[in-house]
Amino acid sequence: MSIITVGRSAVRRPDFPVAGKPIISVRGAEVSFGERTILDGIDLDIRCGEVLAIVGPNGAGKSTLVNVITADVELEAGKVFIDDEVEYSWSTRELAMRRAVLLQDIGMAFPFTVLEVVEMGRSPWAGMRESQHDDLIVAGSMSRTETVQFAARKFTSLSGGEKARVALARVLAQATPALLLDEPTAPMDIRHQELVLQQARDYASTGGAVVIIVHNLDLAGAYADRIAMISDGSIIADGPPAEVLTADRISDVYDYPVSILADPNTGAPLVVPVRAGRKED
Amino acid sequence: MSESTEIRDRSLRRSRRDRLGEGGDSSADSAAGNRAEPTSRLNPAGKGDGLDLGRIRGQRTARAGTLFLILIIALIAACVLSAAIGQLFIPPLEVVGSLLNKVGLDWLPGPSHDFGEEALWQVRFPRVVMTVLVGAALAVAGAMMQGVFGNPLAEPGVVGVSSGAAVGASASILFGWSFLGAFTTPTFAFVSGLITTFIVYTVSRSGGRTEVITLVLTGVAVNAIAGAAIAYITFAAPTSAREQIVFWQMGSFNGSLWSQVGLILPLIVFGIIIAQTLAPGLDILSLGEKSARHVGINVERLRIIVMAVVALLVSAAVAFCGIIAFVGLVVPHIIRMIIGPGHRLLLPASVLGGAVLLSIADLAARTLVEFADLPIGMLTSLVGGPFFFYLIRRSRKESGGWA
């Protein structure tokens, strides 16, 4: 059933995600630019039904890891498997049916309307039976990201945080088993940061795999099932938030002392940098 | 007491609703108005939420429909007027009559003047058809080039593709090559146009994007080199070929022949049809190269096909009529302002818009100065140059610099 000929070529559809099954696996990935090693032997499984947060200091290799997963950077060594097959055995379109990617750079060259931008997320499914539900999926993604009220406006006229939500609506509309989000919350206010992470949870609860790069460790601690911490191109910790987010490890990796508190409502770890505070005379 | 709390409660709720609808236009208000109070603070139910896709699309479609209608009427009017006006004035009704007579309908009388029929079919009609074809080709080529560069300032003339194509064509005129028959000059224009297109493309890109300044400076360099080559060819050419080449650089539809129309018509029609099939991909390319790939577009293949089609259209346009700049800049830009940047509508609208613009420009070139046929390339540059200034200023203001 997964191989169905539609239109010009046989496009292999993805299977429905099965919770716990790895949809993307990175094995021994090494990347270097010139002399500088960016990634030094990364092994990572991205499993369906799970929110995986990737954290780490600036320049640790988080975005490069996303580029590895999306085949936008050349590997010196190692392999990436998607849906049990080596990445390069899939066509561009088949990859787009398996993973949606939200990059940090979300600019548009021309002033398309917000609705048109979100509809672009449906393009891998053009001409297939999945496209019957395009309108429903587009409307649903816009509603979930609170972008409905911008639908008729030009994307280029939106503020940074609004653009980021529209871009998120676009990748949600792609409706793929795996979702990669590279710092989606960076330009957003508190309300919408929480909204994004809740959407990530919802996505995972319906069987999707979500990878999210965040700088805010509290968000990762509260919403992720698993956290992978990267430092100097290696994964130095990979596990449940409570195990990964320890004061010693964070202080060491980020080179700044922190203490860990428990969220009074949920018990999730809160990372508080040690601050001198204002001197009151 | 309880009443006052209720009032406060309601006003709070209202203010929240306002906030959700903030920054919107009329559709924002209705979307917020239809919204049921979310049960939780976040995560509204994943339904349409008052989003009326049909209405939003309908507005677009209605505008596009009006534009197409206006363009078609304008094109017919411009063509008929072009054929009517000249040293020998032939009333527009007689022009239409002559056309109808040709297809066997005698609803209207043909030209009353003795030489009317001949003037129309030997001189004016081939020229009008040529103008329409070249205008359409240049405008579509401009729209595609802007799409693939992700930059509204890309244009075959500005970027140097037109003069690149002119080098090949004038070389074939100089050496009197004719081994491909009547196709020789267009073929040389195509090959050198294609080479120039790829040079511009590779030189002006870095990190998957093209910056305005790099693109324009690349155009300066390419135009300089091509200009030098054309200058040398002009210098080396015998007097007759020299005249032909000079006339060429200024662009003109003077002396258009049916045989020339027959040559470029299939090329341009083919190019426009291929262009239309590439429209969805060009839309998505607007997301940026990487993101376009992530939604399943084979970016490399799309770019190569687009560049080849641009080279085909530009060289077909340049082959007999010379360099006519700025059509590909002005037309798509104005159309984008009216119906938005979606290429599915932008490309066909550019076909019509380019044809209308160049028909009017050619009519002006023939009639502005009595007994003189001005070079049309000069006219389009006279109008297009200032427009280019305006675009540069505006894009500086919008992006806060050259980035």
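We name chains A, B, ... by the order of the sequence lines, and we start the count at 1 in each one.
Looking at every heavy atom in both residues, His294(B) comes nearest to Gln174(A) through O-NE2, 3.1 Å. Of all the heavy atoms in Gly150(B) and Ala109(A), the pair that sits closest is O-CB, 3.5 Å. Taking both residues in full, the closest heavy atoms of Gly147(B) and Phe110(A) are given as CA-CE1, 4.0 Å, listed atom of the first, atom of the second, then distance. Considering every non-hydrogen atom in both Ile297(B) and Thr92(A), the closest pair reads O-CG2, 3.4 Å.
Heavy-atom distances place the side chain of Met142(A), and not its backbone, under 4.5 Å from chain B.
Most heavy-atom pairs under 4.5 Å with chain B: of the set Glu94(A), Glu116(A), Met120(A), this distinction falls to Met120(A). Heavy-atom pairs under 4.5 Å with chain B were tallied for Asp135(A), Thr113(A), Leu95(A); the largest tally goes to Asp135(A).
Legend: salt bridge (charged side-chain N to carboxylate O under 4.0 Å, His left out) pairs involving residues 337-351 of chain B, not counting sequence neighbours, sorted by first then second residue: Asp283(B)-Arg344(B).
Applying the salt bridge (Lys or Arg N to Asp or Glu O under 4.0 Å) criterion to Glu300(B), with sequence neighbours excluded, gives Arg293(B), Arg303(B). Residues satisfying the salt bridge (Lys or Arg N to Asp or Glu O under 4.0 Å) criterion with Glu119(A), sequence neighbours excluded, are Arg57(B).
The shortest side-chain heavy-atom distance between Leu115(A) and Leu53(B) falls under the 4.5 Å cut-off. Looking only at side-chain heavy atoms (C-beta outward), Val295(B) and Arg93(A) stay at 4.5 Å or farther from each other. A 4.5 Å side-chain heavy-atom check between Arg170(A) and Leu287(B) finds at least one atom pair inside the cut-off.
Within residues 61-70 of chain A, the residues having any heavy atom under 4.5 Å from a heavy atom of chain B are, by residue number, Asn67(A), Thr70(A).
Between His343(B) and Phe112(A), the ring planes are tilted. Angles from 30° to 60° get that label.
To the nearest 0.5 angstrom, Ser291(B) atom OG is 8.0 Å from Leu102(A) atom CG.
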